[in-house]
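To start, the structure under review is shown below, and the notes come after it.
Note: hydrogens, waters and symmetry copies are ignored here, and every other heavy atom, side chains too, is used. Within every chain, numbering begins at 1; the chains are lettered A, B, ... in the order of the sequence lines, protein sequences first and strands thereafter.
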Amino acid sequence: MNFEQVSGYKYRIPRTGKMRTDAVFYASEEILKDLAAENYASLRQICNVATLTGIVEPALTMPDIHWGYGFPIGGVAAFDPDEGGVVSPGGVGFDINCGVRLLTAPLGREDIARRSKELADALYGAVPSGVGSVRKDVRFGRKDLRQIMERGPEWLVGRGYGREEDLEYIESRGRLPDADPDHVSDRAYERGLKQLGTLGSGNHFLEVQYVDEIYDEEAAGAYGLSEGQVTVLIHTGSRGLGHQVCQEYVELFLEAAPEYGIELVDRQLAAAPIESPEGRAYLGAMSAAANFAFANRQLITHFTREAFESAGLGDGLRVLYDLAHNNAKFEEHGGRKVLVHRKGATRAFGPGNPEVPARYRSAGQPVLVPGDMGRYSFVLAGTEGSMRETFGSSAHGAGRKLSRKKAKKAAKGRNIIREMERLGILVRAASRATVDEEMSEAYKDAAGVVEATHAAGIGRKVARLRPLIVVKG
DNA sequence: ATGTAC
């Protein structure tokens, strides 16, 4: 792998072979070692992405880069629709609009301590979790689902599931304008109907946390965060609906790509021109699934508020921000409209951007970086650097260190839930196996990703959050 | 991530 160091944490892979642009990646010394240890498999993936038609210089990866389906996780790639630019389901990921929503409570850590078991049980009861989990207390019909896919959380708020002010603090108000439910299959509809308001499995979670350190008082003040304060972090996506959409369009695009003269150096990069019937259909379905995911986090927020109330903790939960980390969106960068794919990468718009809520505008957009369930998560802010260098993007999480299989082996004979409890963290989970796979030591330290992001100037550290209660699939 | 193999 041929690359050169541009600055402390920034590297460039010069264009070679079929690449149409250079690739740029961000890494610390430690991340560089991890990349070498996997024989640069994920860097080769970003070089593959750079071969796709209509890509706008450069193809990028964030500091939490790791191997993914076609595109690497942590990948950012922009395409120009006027230059034959493509859209690729592998550049968005199977869990369309997987993302995180952070809530803040007008409570201190000590307020939770007295009722933590009660709250943990209430939350676990309020938010169905695990593979195939469904909601039985609210029923949505096909017409409702259609509205949800078109309008996102706004529709739910209109039905009493949340507050008008919630919407202002969701990326793009939780409504991607290109959504077209007509391009979502019956099968995807079926899978989505019962899954709105559920968590799912794997790395998805709902955590009650507290703010344990503030790095940037001004930004934290703007976001409404103070030391010791209670927060709730919700990490989930579009469940079976988004998965079904992705699967169907990967298959369609494998057929379509050669018809449009798109050469695929890897089948998992299946793509179609943005301006083609297939490309537009995927954008319609993907945006619909994205709106469903925003709505999913909205409904979970509603039931989280109910759980807090039932545990005698009031109804003061406010949405700090809701941020996608698997999607493709039209944005203006460098004076032209491009389709930015972010796969395991977040939008990170800098100070002054009109897309950032007025209350946060001088600080920059909140960037939420979930860590593992035993350590911590981070709040960052978007910067001028991210706007200049990464199409307004930043890192999205810690990244696995051990495979699921290796994690299970490491957890054998141990009781991870009890170990967590000894650390003062209550765990409620649908499956012991998932908790084993998700234990702290299966993940890289999120602090490493955050340090590299901060040092590279594509995000600014604002606060650190520590878990108190974890609800898992 | 995923009705973890329609």
Subject >> Interatomic distance, A/Leu199 CG vs B/dT2 P [rounded to whole Å] >> reply: 9 Å
Original post:
Starting at NZ of A/Lys194 and ending at C1' of B/dT2, how long is that distance when rounded to a whole Å?
Top reply: 17 Å
Original post:
Could you state the CZ-P distance from A/Arg239 to B/dT2, rounded to the nearest angstrom?
Top reply: 5 Å
Original post:
Could you give the CD1-to-C1' distance, from A/Ile96 to B/dT2, as a whole number of Å?
Top reply: 12 Å
Original post:
Which is true for A/Gly202 with a 4.0 Å heavy-atom rule: it touches a base, it touches only sugar-phosphate, or it touches nothing?
Top reply: sugar-phosphate
Subject >> Interatomic distance, A/Asp436 CG vs B/dT4 P [rounded to whole Å] >> reply: 20 Å
Subject >> Ion pair A/Arg297/A/Asp322, N-O distance below 4.0 Å >> reply: yes
**OP:** Name the nucleic acid region contacted by A/Ser201, choosing base, sugar-phosphate or nothing; use a 4.0 angstrom heavy-atom cut-off, strictly under.
**Re:** sugar-phosphate
**OP:** In whole angstrom, give the distance that lies between atom CD of A/Glu437 and atom C1' of B/dT4.
**Re:** 9 Å
Subject >> Any side-chain donor near an acceptor of the partner, A/Ser172 and A/Lys329, under 3.5 Å >> reply: yes
Original post:
Between B/dT4, B/dT2, B/dC6, which nucleotide gets closest to the side-chain atoms of A/Arg187?
Top reply: B/dC6
Subject >> Flag if over 12 foreign heavy atoms under 6.0 Å of CD, A/Glu275 >> reply: yes
Original post:
If you look at every strand shown and take non-hydrogen atoms under 4.0 Å, does A/Glu190 touch a base, only sugar-phosphate, or nothing?
Top reply: nothing
Original post:
Atom NE2 of A/His243 to atom P of B/dA5: distance rounded to whole Å?
Top reply: 10 Å
Original post:
Roughly, in whole Å, what's the span from CG in A/Leu241 to C1' in B/dT2?
Top reply: 12 Å
Subject >> Between A/Gln365 and A/Asn353, a side-chain donor and acceptor under 3.5 Å >> reply: no
